[in-house]
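Taking it in order: structure first as structure tokens, then the write-up.
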Amino acid sequence: MTNIGLYFSIGIIVIGLLAILRYSLKGKDIDRRIIFLFMFITVASSLLFKMEFPEKPTLIVKKVFNKIENLPEGSRILISFDFDPAMKPEVMPMANAFVRHCMVKKHKLYIMTLWATGQALMLESIEEVLKPEFPDAVYGEDYTSLGFKAGGVGVLNVIITDFRKMYATDEHGTPLDEIPLFAEVTSAKDMDLILPIGGGAPGPKEWILFVGDPGKVPIAPGLAAVVAPLIYPYYPKQAIGLLGGVKGAAEYESELLRNYDQFKDMDTPALSMMGPQTMAHIVIIAFIIIGNITYFRKRRMNDNA
Amino acid sequence: MRKAPIIITAVVAALFVLSWLLKSNGAVVDENSMSAISQGFWITLSAFLTLAVMSFLYQDNPFYKFAEHLYVGVSAAYWMCMGFWTTLVGNLVPRLSEGLSNWFEVPYVGFKPHFIIPLVFGFLLLMRLSPKGGWISRWSLAFIVGTTAGLNLPRFLSSDFISQISATFMPLLVNWQGIGSFFSDFSLSASGQFIGILSNLVVFLGVFCGIIYFFFSKEHKGAFGVASRFGIWILMITFGASFGYTVMGRISLLVGRLTFIMGDWLGLIS
Amino acid sequence: MKRLIPVLITSIVGTVLVFSVFFPMAETWGEDFSLFFDIIAVFAFFLGGGNLVRVHLIKVLNKKGDWKFSIVTLIAFAITLTAGLFKFGSVDIAASVTAEGTWMQTIFNNIIAPLSSTMYALLAFFVASASYRAFRAKNREATILLIAAFIILLGRTPLGMFMTGWIPEWFSIAQIPNLAVWIMNGPNLAGQRAILIGVGLGVVAMSLRLILGMDRTYLGSDHD
């Protein structure tokens, strides 16, 4: 049934695209709303009739996975949720995958955010992934959340030398000195790995500039697709690897599934999104091709005239 | 008065109530009825706000305007509250007042008189709202600009200039095992010598020629022009890659929203 | 006086922060100035909120344009601000303002999150429309851009492997996913780095001009 629905949708999309091509070749203008409708049908149908593909991690993602995998048990890892709901669909799967991986490897997790909107999303990850999937994890001993502080790079410039100067308490109002995880932690330099997740400013770039480089702390960012190409120049010296967009998240999820049986029933939103993503890419490529065919045809007709 | 807008509003309101009832799962007889009813309300509201924003794709309309204005108001207040509780209460109060620290239940770290400075600058910034005292807010603005400049100068110089140039000087012969083995494997597995050599060469020449393209003090002619031309090709590939990634990102966001509409709200997908 | 004091403030603060990188004794000052900056940033949030209220209040009072919608903004602002400042729904004053069960969490999850994410999701439609209307291979440079975009679009989905997966490993250079990865690590990295170096130099030069008081444009005109 699913396949029939999928083929039916693909059929409609192909016929529609051909109709648009024919219409364009006649020199008529296509209303933008028809293009919008196409995008909607494409994404909605591939969501409705599930399309999933296997993923193979690329080297740049594998390096992040291997880093977390090979750190000794109890290593300190900081995850910064520097994003808002607008970026959530592509970066939240990364955040959840990182949380799962760190917890299963029994690393010590420090969670914070430089975005006010990141605080609720940070909480969501803790409540919906960390606590239910790792019920034995103890707050303060295995993980802790520092919450949000305003100021962006101002915050980073302080925590690179002193956490306590910036955070008198954790998110719940407990003084840092009473939290076992902070017993031997003075600054961000004491972290073994930092995983900033986001796609704006302050975000992964600021973490590299203001913490990673001066503190010599390894950084592995999870990035929204829009900014991922901008961060490539920092790889591999200033960022040990990176996850770019939903594809990067899907690769990481697939690597988790491949390596850990306990995650076989886990939610894999990024992998599920790759079906609609693929279909939408095809439609956009088709639009570019149709647009160009029309353009060259018109140009030739004008030249002949 | 035109009837159409009233009818449309009435239909939307009716659909809202219907969705609320359906999403409340017949909560009237359930012991957790209030929770289910409120959950039904909020999920319906989220869905209708999503649709209200999407309605802009057809054309600008009052539902979109409502959603837009709601978003602006709520967001501004949200950031203010977050800033107040996390930074003013979290960082300023414990350094200025023991009484207030106890009131807010944050650990008092002792009176630090110099922390009156940001408080004063903060209030000076708010003077921007006053029609006549706006000029004094420049002092706070000057502090913000000075901090940004002071923080950025060393970090950009070190990470975005020196480190980037240093990272560009890489060996152009990687894992060299002779001509024969080089031509025997055109693998792009990112570990072979071919990819290593090709990537390093492209990075070195690409950065060099890309910078030449941005150098406008000399006419782009002769060898300089060739380098500049190669530079623009590299930049075009860069922009193409950025376009591809941007498309990918935007579609992900749409998938995210439609997942909510079709899954959480309509229950069509699990 | 109106210009001299702000220029002095910028110079002193900037110089201290630059010095804090090189001299350990200035490190504490650097930290303190960063904290001051964070605190002033919160007042900037207040300024934004205050300005929003002012603009919409004026619109409502003068009944200008969409003034009825401005009432929505003002009410939404007032309710959220009250819920946040008084921590409605929170059991403990020390708990997070967005803790489980608070009004702020409800407002965030059910109003801010759907509105914010849908605003950005709309861009998917506009990208599709722009692809059809504006993305033309008019000359050599535009064609290179188009081809790179195609390779990335195909290579970052399973379709790329589906189309070129049959190519043997020894010539995997021609497989689209590999090509996409190489474009990102090779030409894209080079192009972005060239831009980054230029921007980095620009930021350094601009920061120096500000600290030395050579650039005062941020102060606006004397009539402001």
Side-chain angles (χ1 to χ4, degrees), chain B residues 42 46 49-50 53 65 69-74 76-77 79-81 83 85 87-88 92 105 118 121-122 125 129 138 142 145-147 149-150 152-154 156-157 160-161 164 186-188 199 202-203 206-207 210-211 214 234-241 243-244 247 250-251 253-254 257, chain C residues 2 6 9-10 13-14 17-18 21 36-37 39-40 42-43 45 49-50 52 69 72-73 76-77 80-81 84 93-94 97 110-111 114-115 118 120-121 123-124 127 141 144-145 148-149 152-153 170-173 178 186-188 190-191 193-194 196-198 200 203-204 207 210-211 218-219:
Chain B
W42 288 117
S46 297
L49 289 176
T50 302
V53 175
K65 278 187 183 145
H69 282 76
L70 179 69
Y71 179 45
V72 171
V74 169
W79 277 81
M80 280 174 70
C81 296
W85 283 107
T87 307
L88 287 195
L92 186 64
E105 293 181 20
F121 274 131
L125 191 66
L129 293 170
R138 286 177 182 169
V145 171
T147 315
N152 283 345
L153 196 151
F156 273 76
L157 188 64
D160 275 9
F161 187 68
Q164 292 302 319
F186 286 92
S187 162
L188 254 180
S199 294
V202 165
V203 167
V207 172
I211 290 173
F214 289 117
I234 289 290
L235 288 170
M236 284 300 138
I237 297 176
T238 305
F239 298 146
F243 174 81
V247 169
R250 298 310 177 213
I251 289 167
L253 306 185
L254 177 62
R257 263 355 267 162
Chain C
K2 277 186 178 179
I9 292 172
T10 304
V13 174
L17 279 163
V18 173
V21 176
F36 292 0
F37 174 77
I39 291 163
I40 297 170
V42 176
F43 283 94
F45 297 169
L52 183 86
F69 293 106
V72 175
T73 302
F77 180 84
T80 313
L81 195 67
I93 195 165
V97 65
N110 301 293
I111 297 175
L115 286 173
T118 316
Y120 280 88
L123 295 175
V127 160
E141 283 77 17
I144 293 174
L145 192 149
I152 296 295
L153 281 172
W170 66 269
F171 199 64
S172 58
I173 186 171
N178 285 340
N188 167 71
R193 186 170 283 166
L196 207 61
I197 290 170
V203 170
V204 171
S207 302
L210 288 166
I211 291 170
Y218 65 95
L219 296 174

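Order of the sequence lines sets the chain letters (A, B, ...), proteins ahead of strands, with each chain counted from 1.
Using a 4.5 Å cut-off between heavy atoms, C:Leu17 contacts chain B through both its backbone and its side chain. For a residue to count as touching a neighbouring chain, one of its non-hydrogen atoms must lie under 4.5 Å from one of that chain's; by this rule C:Val97 touches chain B with the side chain only. At a 4.5 Å heavy-atom cutoff, the contact between B:Tyr71 and chain C is made by backbone and side-chain atoms alike. Contacts between C:Val21 and chain B at a heavy-atom distance below 4.5 Å involve the side chain alone, from C-beta outward. Only the side chain of B:Trp85 comes within contact range of chain C, judged by heavy atoms closer than 4.5 Å. Heavy-atom distances place both the backbone and the side chain of C:Ile111 under 4.5 Å from chain B.
In terms of heavy-atom pairs under 4.5 angstrom with chain C, the leader among B:Ile237, B:Thr147, B:Leu125, B:Val202 is B:Thr147. Taking chain B as the reference chain and counting heavy-atom pairs below 4.5 Å, the highest number among C:Phe37, C:Phe45, C:Phe69 is found for C:Phe69. Note: C:Ala76 leads C:Gly200, C:Gly49, C:Ala76 in heavy-atom pairs under 4.5 Å with chain B. Contact count versus chain C (heavy atoms, under 4.5 Å) is highest, among B:Thr238, B:Ile251, B:Val203, for B:Thr238. Ranked by heavy-atom pairs under 4.5 Å with chain B, the list C:Leu153, C:Leu52, C:Leu196 is led by C:Leu196. Annotation: maximal heavy-atom pairing with chain B below 4.5 Å, among C:Val127, C:Val18, C:Val72, occurs at C:Val72. Note on B:Pro154, B:Ala76, B:Ser199, B:Gly122: by heavy-atom pairs under 4.5 Å with chain C, the leading option is B:Gly122. Across B:Leu157, B:Val74, B:Leu92, B:Leu49, the residue that shares the most heavy-atom pairs under 4.5 angstrom with chain C is B:Val74. Contacts with chain C were tallied for B:Leu235, B:Ile234, B:Leu129; B:Leu129 has the most, counting heavy-atom pairs under 4.5 Å.
In this structure, C:Leu145 CG and B:Met236 CE are separated by 6.0 Å, a value rounded to the nearest 0.5 Å. Within the model, atoms CG of C:Leu210 and CG of B:Leu153 stand 10.0 Å from one another, a figure rounded to the nearest 0.5 Å. C:Arg193 contributes atom CZ, which lies 4.5 Å from atom CD of B:Gln164 (distance to the nearest 0.5 angstrom). Interatomic distance, C:Thr80 OG1 to B:Met80 CE, rounded to the nearest 0.5 Å: 11.0 Å.
Annotation: side chain of B:Thr87 is in contact with side chain of C:Ile39 (closest heavy-atom distance under 4.5 Å). With contacts defined as side-chain heavy-atom distances shorter than 4.5 Å, the pair C:Leu115/B:Leu70 qualifies.
A donor-acceptor distance shorter than 3.5 angstrom exists from the side chain of B:Ser46 to the backbone of C:Asn110, with no hydrogens or angles considered. Side-chain atoms of B:Arg250 do not come within 3.5 Å of backbone N or O of C:Leu123 as any donor-acceptor pair.
Residues forming a ring pair (Phe, Tyr, Trp, His ring centres under 6.0 Å) with B:Phe239 (at least two apart in sequence, or on another chain): none. Not a single ring pair (Phe, Tyr, Trp, His ring centres under 6.0 Å) links B:Phe161 to another residue, sequence neighbours left out.
Summarising the local packing, CZ of C:Phe36 is surrounded by more than 12 heavy atoms from other residues, nucleotides or ligands at distances under 6.0 Å.
Shortest non-hydrogen contact noted between C:Pro6 and B:Ala142 is O-CB, 3.2 Å. Looking at every heavy atom in both residues, C:Gly84 comes nearest to B:Cys81 through CA-SG, 3.5 Å. B:Arg138 and C:Leu219 make their closest contact through NE-O, 2.9 Å (heavy atoms, listed as atom of the first residue, atom of the second, distance). Looking at every heavy atom in both residues, C:Ala148 comes nearest to B:Gly240 through CB-CA, 4.1 Å. Summarising the geometry of C:Ala190 relative to B:Val207, their closest heavy-atom pair is O-CG2, 3.6 Å, with the distance given to 0.1 Å.
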Worked check of side-chain contact (heavy atoms from CB on, under 4.5 Å) between B:Val72 and C:Phe77:
CA-CA 8 Å; B:Val72 171; C:Phe77 180 84; over 6 Å; no
